[in-house]
Q: 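Sharing a structure below in structure tokens format, with a few things to ask.
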Amino acid sequence: MKAVYALGFVGLTALSARGQAALYAQCGGENWTGATTCVSGAVCTYSSEYYSQCLPAGTATTTTAAAGTTTTTATATSTCGATPPASAGKLQYAGVNIAGFDFGMDTSGDDTASSAYPPLTQYYGSDGAGQMTHFVNDDKYNIFRLPVSWQFLTNNEATGVLNETNFAEYDALVQACLTTGASCIIDIHNYARFNGDIIGQGGPSNEMFADLWSSLATYYATESKIVFGVMNEPHDLPSITIWAATVQAAVTAIRNAGATTQLILLPGDNYTSAETFVSGGSAAALATVTNPDGSFTGLIMDVHKYLDSDNSGTNSACVTNNIDDAWEPLSQWLRCNGRQALNTETGGGDVASCETYMCQQIQYQAENSDVILGYVGWAAGNFATSYVLSETPTESGTTWTDQVLVSTCMAPSVNGYVA
Ligand SMILES: *[C@@H]1O[C@H](CO)[C@@H](O)[C@H](O)[C@H]1NC(C)=O
Ligand SMILES: *[C@@H]1O[C@H](CO)[C@@H](O)[C@H](O)[C@H]1NC(C)=O
Ligand SMILES: *[C@@H]1O[C@H](CO)[C@@H](O)[C@H](O)[C@H]1NC(C)=O
């Protein structure tokens, strides 16, 4: 969850082993020095002076622009990956972010351990444990994302050595999550950074970051319901290729620590925007990340998408269901490339526009459940019930009352879209 977008340079590399650009990768545009031909079945299609993209063959239509130049754009129909299998229809996961251990984190990666605010009553926070129990029992949610800063886990050191006192507090939230029977995402909420510097690109080394993941994965190696969320919302990365090597270091460390079967979430650039995951080069770069045995088993793409006018998740009103711009091209790329994604942040205000668009987004995700595993709403935990995107329920005696968007649309018990 970010406050604003910063415009940044996005490195683009999408070469296949044969030196051809992958499906949906860039293949041309001003100053483009990468491959200009596409893999078999795809055609390099002009989008603008700045950008051409490999699109499925047989989908291009040619129009003549006002200036007399020829412009080729893609239609929605596609020969590769357009149609979900008949078995699609029910998502595997729906959940809520239980925020607090990430409080104080800035998009620059600046933070101090003392600004974390544990969402647990024993540490003077909200009743995150009670919230999760309610969400599972009453709403049929089955996954929670538990954001935490690197600084908190190590008490401000850029190392992989967990501070015992601080980690015990975070683990209390993880254990409360596991107790509900849900899956629990460990989310390092650092925007690919540590105190202003980018991991593996001027900041802490890949080895230090891998050490952090090794410590966590060693601790949770036997917990099958733990999901490893490598990093929250990288952005403005000088090189997506170098970032993919950082992600690879984390994946290798997690698997080699003995967590061999759990899901690992791979985060791309641009705040893990689902909309630019393919066009911005994140998909092609992260597609190269493998398990130590060379397989992709359990390696899931991590994407975020809000429904407000600037995809920032800071506005109450929703203006889009994200289907045409984000979920459809993403689903096609995932299907064509044999991969899957989890939408670990989405949300909106408690207003009619969000009820309409969020319900449509979830329906589309369910219709494409072969490649989209589910969604996780932002956010409950220590957020006040008055926060613009609050999913924090109100407790009164033994009764919990949900926020409107949850009770009208996002709760699996209401929408019926979760298996
Ligand atoms: C291409 O390179 C020129 C010269 O460095 C630069 O001014 C221009 O902005 C670049 N175009 C794009 C799309 O990056
Ligand atoms: C762990 O963190 C606490 C603050 O929560 C600090 O007082 C303590 O000195 C740290 N322990 C070590 C070994 O650094
Ligand atoms: C990031 O994604 C948003 C949409 O989600 C898009 O408007 C913006 O242009 C993208 N920025 C970059 C640098 O790719």
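Counting convention: from 1, in listed order, for ligands and their atoms alike.
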Q: Which atom pair, heavy atoms only, marks the closest approach of M231 to A192?
A: SD-N, 3.2 Å
Q: Just to verify, which of T344, T346, V96, N97 counts as forming a side chain to side chain contact (heavy atoms under 4.5 Å, CB included) with W378?
A: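 Going through T344, T346, V96, N97 one by one, the side chain to side chain contact (heavy atoms under 4.5 Å, CB included) with W378 is satisfied by N97 alone.
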Q: Between F152 and F101, what is the ring plane arrangement, given parallel below 30°, perpendicular above 60°, and tilted in between?
A: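 Judged by the thresholds at 30° and 60°, the geometry between F152 and F101 is tilted.
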Q: With respect to S273, determine whether any N or O atom, backbone or side chain, lies less than 3.5 Å from an N or O atom of ligand 3.
A: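 Looking only at distances, the answer is yes, because the N/O contact criterion of under 3.5 Å is met.
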Q: Check ligand 3 against N270 and write out every atom of the ligand that is under 4.0 Å from a heavy-atom position of the residue.
A: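 Those qualifying, in numeric order: 1 (C), 2 (O), 3 (C), 8 (C), 10 (C), 11 (N), 12 (C), 14 (O).
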Q: Angle between ring planes, Y191 versus H189, binned at 30° and 60°: parallel, tilted or perpendicular?
A: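 Y191 vs H189 ring planes: perpendicular.
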Q: Tell me: protein heavy atom nearest atom 7 (O) of ligand 2, and distance?
A: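 The closest heavy atom on the protein side is N155 ND2, 4.9 Å.
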Q: Return yes if some donor-acceptor pair links the side-chain N/O of R339 with the main-chain N/O of L299 below 3.5 Å, else return no.
A: yes
Q: How about atom 12 (C) of ligand 2: does it have a protein heavy atom within less than 4.0 Å?
A: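 So far as the 4.0 Å threshold goes, atom 12 (C) of ligand 2 is in reach of a protein heavy atom.
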Q: Check whether any protein heavy atom sits under 4.0 Å from atom 5 (O) of ligand 2.
A: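 It does: a protein heavy atom is found less than 4.0 Å away from atom 5 (O) of ligand 2.
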Q: Run the numbers for me: atoms of ligand 2, each under 4.0 Å from some heavy atom of N166, listed by number.
A: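 Atoms satisfying the 4.0 Å criterion: 2 (O), 4 (C), 5 (O).
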Q: Number the atoms of ligand 3 from 1 as they appear, then name those within less than 4.0 Å of a heavy atom of T276, with their elements.
A: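 Ligand 3 atoms under the 4.0 Å threshold to T276: 1 (C), 2 (O), 10 (C).
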Q: Measure from atom 8 (C) of ligand 2 to every heavy atom in N163, T165, L162 and give the option owning the shortest one.
A: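 The nearest heavy atom belongs to N163.
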Q: Under 2.5 Å between the SG atoms: is that true for C38 and C27?
A: no
